[in-house]
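Taking it in order: structure first as structure tokens, then the write-up.
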Amino acid sequence: MSELIGFKQEEKTEFELSGLNADELGFMRADERRAVIEAAGLNPDEYDF
């Protein structure tokens with residue numbers, strides 16, 4: 001059995017699966033943050049920090 005009784009497993013978002021850390025991105029300059037998000041294969045226009 002792969003589930004625990006009474007435990008609901010939450011699905012991760014594409015951002016969470018990318019391995020990026022929102023706290024670290026928050027301290028970056030906007031242009032650096034955009035480049036990192038693009039390098040992770042995500043659309044930086046979808047994420048607002």
Side-chain angles (χ1 to χ4, degrees):
M1 182 188 299
S2 63
E3 290 183 27
L4 296 175
I5 297 174
F7 177 76
K8 181 180 176 185
Q9 185 175 7
E10 294 182 25
E11 292 185 28
K12 291 189 176 187
T13 65
E14 121 180 286
F15 182 83
E16 293 169 321
L17 292 172
S18 74
L20 296 176
N21 181 315
D23 292 330
E24 290 177 9
L25 290 173
F27 288 102
M28 293 181 179
R29 291 189 332 251
D31 58 331
E32 290 177 317
R33 183 171 48 247
R34 185 171 188 83
V36 169
I37 292 171
E38 284 178 349
L42 302 174
N43 180 354
D45 294 328
E46 293 182 18
Y47 301 98
D48 183 35
F49 286 91

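Note that the structure is a prediction, hence the values are computed from the model and not measured. Excluded from the calculations below are hydrogen atoms, water molecules and symmetry mates; all remaining heavy atoms, backbone and side chain alike, are included.
- Closest of all the heavy-atom pairs between Asn21 and Asp23 is OD1-N, 2.7 Å.
- Remark: Glu16 pairs with no residue by the salt bridge (Lys or Arg N to Asp or Glu O under 4.0 Å) rule, at least two apart or across chains.
- In terms of heavy atoms, Pro44 sits closest to Ile37 at CA-CG2, 3.7 Å.
- Remark: Glu46 pairs with Glu14, Asn43 by the side-chain contact (heavy atoms from CB on, under 4.5 Å) rule, at least two apart or across chains.
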Which is it for Glu32 and Leu25 under the side chain to side chain contact (heavy atoms under 4.5 Å, CB included) test, yes or no, and what are the steps along the way? CA-CA 9 Å; Glu32 290 177 317; Leu25 290 173; over 6 Å; no
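- In the hydrophobic clustering of this structure, Met28 groups with Tyr47; members are Ile, Leu, Val, Met, Phe, Trp, Tyr whose side-chain heavy atoms approach within less than 4.5 Å, directly or through other members.
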